Amino acid sequence: MHSLNMFGSLLMFRKGYRDWRWQALWWHNFFLLWNTIDGQTRYSIPEELKQGSVVGNLAKDLGLGLSDVFDRKLRVASEAGKQYFSVDAGKGELVVNDRIDREALCGQSASCVLPLQVVVEDPLQLHRIEVEIRDINDNYPIFLTEERSLKIAESTATGIRFPLETAQDLDVGSYSLKSYTLSKDECFSLRIKELSGNRKVPELVLEKSLDREKQSVHQLLLTALDGGSPVKSGTTSIIVTVLDNNDNVPVFKKPLYNVTVQENSAPGSVLVKVEATDADEGVNGEIEYVFAEHTSQSLLSMFRLNSETGEISLVGPLDYESNAIHEIDITAKDKGVPEMEGHCRVQIVVTDINDNAPGIVLTSKPNPVREDAPRGTVVALIRARDLDSGDNGKVTLKLPKGSPFSLKPSFSNNYALVTSNVLDRESFSEYHIEITATDSGSPPLSSKKTIPVTITDVNDNPPVFTQPSYNVYLKENGVPGSILFSVSASDLDFGDNAKVSYSILDSKVQDVSVSSYVYINSENGSIYSMHSFDYEKLKVFQIQVQAKDQGSPSLSSNATVHVFILDQNDNAPAVIYPSSAALGSVSHQRMPRSAKAGHLVTKVTAVDADSGHNAWISYKLAEATDASLFTVNLYTGEVRTKRAVSEQDDSSQRLLIEIRDDGEPVQSSTVTVSILLEDGLHEPILDLRQKVSEPSKKNGRITLYLILSLASVSVLSLLTFLVLAVKCIRNSRSSGSCCMRRSDCDDYKNPNRNLQIQLNTDGPIKYVEVLGGDMLSQSQSFRSCMSPMSEYSDFTLIKPSSTTDFKEILIYVLMYFTFTSYRNCKVCFHTPAVPYQWKMALMSSTVMLSVNCTKRSTPSPMQLQHQNHNAQNGRRVGMWFLYSESKVIA
């Protein structure tokens, strides 16, 4: 029974050997090397080493440090499937991981080499090493049967040979089966027959005629010996029974039948027919065919023998990959007494067909790949395998077209999956690479395997704002700490590379850091005010916001936030004339009692620091000693008499004038004017008018000269005017105004002046704000405009230059036009010399502003009034446009 168990193990070992025997060949002379494959290392160990036994210092032999063993995840993979070896992470040694049985791995192969793939990461590299498994004498020669019975007629001629069962020894080389011995018997001897493949078959030879009467049974012992030291052996008993005469034994036509059959042959197919003859007659010549007694059960389940015809047919499937050669011993028996036997051997060779689809095995799992990985970066190591042989076992791998990966062959059906194009995680964060393996059989077989590859993010995208610039409109006098605006930026990257933080870049606003005005929430981009803003001090400023991600290195982008401060009515009108009233005291005025109705007593002038309609000022007589005597113009502040002064009027009149703006809520201030009525205040003037002296002759001549000069100048002026008028009329066909053509405006443009025009609308108010840069010249310029066409109306403001040096607004002019009466308004300006900034209260340069509007209907009367007065720092020109329908001062 021990021998039977050993033989069963042998069959299992042989099947495992067939699964990978093609990998254990001496192929290392023709493998291909590439940039991820280093030199090959070879170790040699005996089989049956204990678990944990050291094979060699793998890290040292591969040129790796001990830290690389752990950091680079050094590991081994066996091409045989089972992991017989592992790496000691602490020492970098290759150690035995499981029991190694050479016979199970390599069967009867003379050389047993176990190829291993050593994989290291960062970067991914593949090393190939070989471990030679040396045989030890750990197996006994065994016979499948413990006892063999032979029946030989006593009349059998000497020299006849009877084939015996061969023993099996799983060891190879010097430890394999070497010889047989037979116990002593005068009638029998042992001969060894050499077959192909260095196989030895023992044969029993009849040396002496048998005599049944002397000895009817011969008991022999056949011993098989190996070449080990000490020698191991196996035995089987041979029982020879001597029979009465049956003269002839069956004889096969061939001692050996060779048959070739495809592995896909259908069950029931007749493979071969053996044939034997017997010279005897009758029942002594009738032959029956049977399998030899030692035939294995696996052969009995695969083949069937017709006992009468000798036909061997197939009953089970053939598999070239499991067993390519089957040897069957056939016995032919006659029916004589005694029974005689003849023997032959049938060798069935199975030919391979393409019945196994190729497979794809991952040698190493695919590593995540950075999106900036260079071309040729190893992603995974794969191996193609096909159990077929020849062309049927040749495998090619293909990737789909357009894939950013490619396959790079290395050795023995091993490939590296490498990058072949630029990767972009934002476009594809993961690839499912379908690899197709196709063999070279006919017809070819194929299989597919999908390998997932994850693309890891690299910080290659800066944050992007929703728009490059933002406009924020903020009312002045806001609450400190209130939110102004929220900016937002997005990043196409992932993880920390996509986390955006916001900050404000340092800049100056009126020589003060912008961070003292506002601050920003670094997480959500909300901008908050540090304090309230005053429109009269700061009208507009810019904030440079930076969005930065948390990648390494970090990327950033900027956006500009324009903050416009909106005016609120927070300033009351301030009196600038009369000067005494401006200082807070009562203004004292005198007027004659002889004044008639409409007599101009004085004028109150006020300004408002606000802008727009908040700066529109109206004057109202709040209180008066005699309200019937005086009136105050709503728009100009002129104080005039409503009627003639009578003798009954008090000589001292007190007026309280209220000055209001047009804001919401309304701001107001008051001024008190004290008027003293005096008699005879007009007499000096009358006396002066009545003094008429007789002109002398000399004065008469001078007067004549003056008249002649004046006439000449008038004639020249008239001629000049006529020439200009004709020229303007000719050019007016292409322009609405002869003086303000497009070229006229363009002539005064100078890139060094950096002038800007802003058209602002605030309800019914229309006004233009002109801002400018530093000017090199301070010369004075004047220009007149006129329109020869009655359907156009225009006005011109001419202001003398000054040499004051101011740094804020250049010109701030309010103009009001109701669009019910005017349309197609055009603005041109001429400023040959303006400083960078200009205050409302102190104009300082020559400015000409012209507005032309087309009338829709007959407009209401417009009256232009000027009043000049001297201020401490220069000359002021006040300009008011009175528009009776809107009650608005511009």
Side-chain angles (χ1 to χ4, degrees), residues 473-480 482 529 531-540 564-587 602-624 627 630-639 654-673 760-769 808-809 811-816 838-843 865 867 869 871 876 878-890:
Y473 299 93
L474 177 67
K475 293 181 179 180
E476 65 174 330
N477 303 322
V479 179
S482 60
S529 63
H531 54 74
S532 61
F533 295 94
D534 188 355
Y535 174 83
E536 287 69 39
K537 295 180 180 179
L538 180 64
K539 294 179 175 57
V540 62
F564 296 92
I565 309 300
L566 300 180
D567 184 42
Q568 299 295 299
N569 194 28
D570 57 345
N571 291 281
V575 179
I576 60 174
Y577 186 84
S579 58
S580 58
L583 298 176
S585 61
V586 178
S587 174
T602 185
K603 178 179 177 175
V604 178
T605 303
V607 295
D608 195 314
D610 294 320
S611 64
H613 65 280
N614 294 328
W616 291 357
I617 297 175
S618 61
Y619 303 87
K620 177 183 179 182
L621 183 61
E623 296 179 8
F630 298 99
T631 182
V632 178
N633 188 284
L634 179 64
Y635 304 113
T636 64
E638 293 178 344
V639 180
R654 188 178 184 88
L655 306 180
L656 180 64
I657 300 174
E658 182 184 18
I659 307 170
R660 298 162 56 97
D661 59 24
D662 198 44
E664 181 64 36
V666 176
Q667 300 277 3
S668 65
S669 60
T670 59
V671 60
T672 301
V673 178
N760 298 284
T761 63
D762 189 0
I765 308 170
K766 313 289 184 275
Y767 64 93
V768 172
E769 184 174 1
E808 286 191 0
I809 303 174
I811 299 174
Y812 188 81
V813 181
L814 296 177
M815 298 177 295
Y816 173 77
W838 172 83
K839 289 289 189 179
M840 183 73 172
L842 201 57
M843 301 182 183
Q865 299 184 4
Q867 180 176 353
H869 63 274
R876 176 179 303 278
M879 181 182 71
W880 297 268
F881 287 90
L882 305 184
Y883 192 64
S884 59
E885 291 181 356
S886 61
K887 298 182 180 180
V888 174
I889 298 177

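Remember, it's a predicted structure, so these values are computed and weren't measured experimentally.
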Qualifying residues under side chain to side chain contact (heavy atoms under 4.5 Å, CB included), relative to Glu476, sequence neighbours excluded =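 Only Asp534, Tyr535, Glu536, Ile565, Asp567, Gln568, Asp570, Asp610 meet the side chain to side chain contact (heavy atoms under 4.5 Å, CB included) criterion with Glu476.
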Residues in side chain to side chain contact (heavy atoms under 4.5 Å, CB included) with Thr602, at least two apart?
->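 Once residues adjacent in sequence are excluded, the partners of Thr602 under the side chain to side chain contact (heavy atoms under 4.5 Å, CB included) criterion are Tyr577, Pro578, Gln589, Val639, Val673.
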What is the minimum heavy-atom distance between [X] and [Y], and which atoms define it?
X: Gly663; Y: Asn614; result: CA-OD1, 3.1 Å
X: Arg660; Y: Pro573; result: C-CG, 4.1 Å
X: Tyr635; Y: Tyr619; result: O-CE1, 3.5 Å
X: Leu656; Y: Thr670; result: CD1-CB, 3.8 Å
X: Ser668; Y: Ala572; result: O-CB, 3.8 Å

Measure the spacing between [atom1] of [X] and [atom2] of [Y] and express it to the nearest 0.5 Å.
X: Ser669; Y: Ile657; atom1: OG; atom2: CD1; value: 11.0 Å
X: Asn571; Y: Ser611; atom1: CG; atom2: OG; value: 10.0 Å
X: Phe630; Y: Leu621; atom1: CZ; atom2: CG; value: 9.5 Å
X: Leu566; Y: Tyr473; atom1: CG; atom2: OH; value: 8.5 Å

With under 30° as parallel and over 60° as perpendicular, where do the rings of Phe533 and His531 fit, or are they tilted in between?
->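 Judged by the thresholds at 30° and 60°, the geometry between Phe533 and His531 is tilted.
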With a 3.5 Å distance limit and no angle check, can you tell me whether [X] reaches the backbone of [Y] through a side-chain donor-acceptor pair?
X: Asp661; Y: Ala615; result: no
X: Thr636; Y: Asn633; result: no
X: Thr672; Y: Val586; result: no

Are Ile659 and Val575 side-chain neighbours, meaning at least one heavy-atom pair lies under 4.5 Å?
->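 The answer is yes, as the side chains (C-beta and beyond) meet within the 4.5 Å cut-off.
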